[in-house]
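This report refers to the structure that appears directly beneath it.
Just so we're on the same page: letters track the sequence lines, and every chain starts at 1.
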2 protein chains.
Amino acid sequence: MRNLCEDVGAVNFSEKTPVSNQQIQNAYHHGNLSSDILQRAVEIIDEQGLDALSLRGIAKDLGVSHAAPNRHFKNKASLLSAIATGGWMQLRDATLKAADATASDNPNVRLNAMGRGFMRWALRNRALFRTLLHPDVARFADDDLTEAMLEFSASVSDAVQASQRQGRLSDVPLPIVSLFTNAVPMGAALLLINPLLSADHPDFEQFEEEELIHQVINLVVPI
Amino acid sequence: MRNLCEDVGAVNFSEKTPVSNQQIQNAYHHGNLSSDILQRAVEIIDEQGLDALSLRGIAKDLGVSHAAPNRHFKNKASLLSAIATGGWMQLRDATLKAADATASDNPNVRLNAMGRGFMRWALRNRALFRTLLHPDVARFADDDLTEAMLEFSASVSDAVQASQRQGRLSDVPLPIVSLFTNAVPMGAALLLINPLLSADHPDFEQFEEEELIHQVINLVVPI
DNA sequence: AAACATAAGTAGACGACGTCTACATTAGTT
DNA sequence: AACTAATGTAGACGTCGTCTACTTATGTTT
């Protein structure tokens, strides 16, 4: 069960290899079933939405029997948990890498980069990002998922705190600053992703994605 | 079909009357079935989550046959659409009333109040708020839902534009300001609602809800 | 190398669900 | 009073999640 988490970390969901790195060991034992299931699940969510996701459908797509996925995921909720766990890990890596890429030790520069890294990842992994925020994911969160979430959250919190020591919004309580700082990339990404919500802003077409992200994040963490 | 929308507007989801204002006309014809279905649906989402919502379950709870709901909602997606339509209407009313309650014509004061009204509503109608943002709701949005969403969006856009004419962030393109302004209450509410995400901020317990909202919104729309 | 526990797959069954069709009952109009 | 539309019922169908019992491969122990 715990090693599932490491599996997830290793899989790159966004790379769409043709569903099987499977070094077909033989016809009976599939080889990479659990990671193939995760990969296919994200594809389905992307293409047909979360309510079109079924364990049986995945099994059929992968050419295994309908009950095979049960050997790797206790139930559907735990599949969602595993997907979300991998997503939070990716999101944390993306934000931290963005901070490191600045090669700066200015907390504001780093925090700004993290905000942009967050949005960039969210906009390029839309289905996965939506899954992270899905109510039923949080509801049935297992320990792995909770841990991954907390790790992400801690890495952001540290950066916010550092920037506050640098003087950014230093007169506002930390939890408030933290909430505010997290809310902008999260809310903005959600708004941009939602077809309903961005439908009334065809204005956005005038911006390059990177430019749009840049301008929004600058309003939260000026540099 | 169109009149469904008016039904929704009339129902107050948050009032938990014991499921039936039904003036039981007789045993066969239920009387208020469609609005009772909506009401019960929101209760279920609140208590057991969206994936526990079933048309058959609602029918059983209301004491009608399993196929009765199909007379009022073409399918499950259209039930979700109707729920969301009512939600957006409530949300728009809540924000506009908050603005009017200031009895001010200062655009910044009004916009600030709208942000607080938004968050207040979201935190007090959590299940409904989550449903508004549910990916499968947007995916199968019908015309009523789209219209309700656009009406909400327009009312916020107007307020943002007015505040920009007043000098707030006047050097930033309107779509960016709009995105930023919307992102904060939406993201903040989402973060506060998510049990996973707010778990690492037990810090929030030190704040009254209203005080918390006040401080966060002041960071987006200072007055 | 043989024996054996365990991991990983299969087939079949069960109840719940969404949705369709055919039919029954009531409400409203003419 | 008769007709039509709205609203509810019963039954059926295919899909789904999940459980159980069984089968096959893997890998460790002896």
Dump every N/O contact between nucleotides 14-18 of chain D and the protein below 3.5 Å, one line per pair.
residue, atom, partner, partner atom, Å
D:dC16, OP1, A:Ser54, OG, 3.4
D:dG17, OP1, A:Leu55, N, 3.1
D:dG17, OP1, A:Lys76, NZ, 3.4
D:dG17, OP2, A:Leu55, N, 2.9
D:dG17, OP2, A:Arg56, N, 3.1
D:dG17, N7, A:Arg56, NH1, 2.5
D:dG17, O6, A:Arg56, NH1, 2.6
D:dT18, OP2, A:Lys76, N, 2.8
D:dT18, O4, A:Arg56, NH1, 3.2

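Under the 30°/60° scheme for interplanar angles, the aromatic rings of B:Trp121 and B:Phe129 are found to stand perpendicular. Between B:Phe118 and B:Phe152, the ring planes are tilted. Angles from 30° to 60° get that label.
Taking atom CZ of residue A:Arg71 and atom C1' of nucleotide D:dT23, one finds them 11 Å apart after rounding to whole Å. One interatomic measurement links the two molecules: CG of B:Asp51 to C1' of C:dC17, which rounds to 13 Å at whole-angstrom precision. Look at CZ on B:Phe73: it is 12 Å from P on D:dT7, rounded to the nearest Å. If you measure from atom CG of A:Asn32 to atom P of C:dA8, you get 12 Å, rounded to the nearest angstrom. Rounded to whole Å, the distance from CG on A:Leu33 to C1' on C:dA7 is 12 Å. For the pair B:Leu50 CG and C:dC17 C1', the computed distance is 15 Å after rounding to whole Å. Distance A:Leu62 CG to C:dG9 P: 10 Å, rounded to the nearest Å.
For the helix from C:dA1-D:dT30 to C:dT30-D:dA1, the terminal axes (five pairs an end, C1' atoms, rotation from four pairs onto the next four) enclose an angle of 10°, given to 10 degrees.
Residue B:His72 has no polar side-chain atom (N or O) positioned under 4.0 Å from OP1 or OP2 of D:dA6.
For the pair A:Ala138 and B:Asn194, the tightest heavy-atom approach, listed with the atom from each and the gap, is CB-OD1, 3.5 Å. The two residues B:Ala141 and B:Ser81 have their closest heavy-atom pair at CA-OG, 3.8 Å.
With salt bridges taken as basic N to acidic carboxylate O contacts below 4.0 Å, one links B:Glu209 and B:Arg124. Salt bridge status for A:Asp100 with A:Arg110: present, with a side-chain N to carboxylate O gap under 4.0 Å.
With sequence neighbours left out, the salt bridge (charged side-chain N to carboxylate O under 4.0 Å, His left out) criterion links A:Arg126 to no other residue.
In this structure a side-chain-to-backbone donor-acceptor pair under 3.5 Å is missing from A:Lys97 to A:Gly117.
Rounding to the nearest 0.5 Å places CG of B:Asn125 at 11.5 Å from CZ of B:Arg130.
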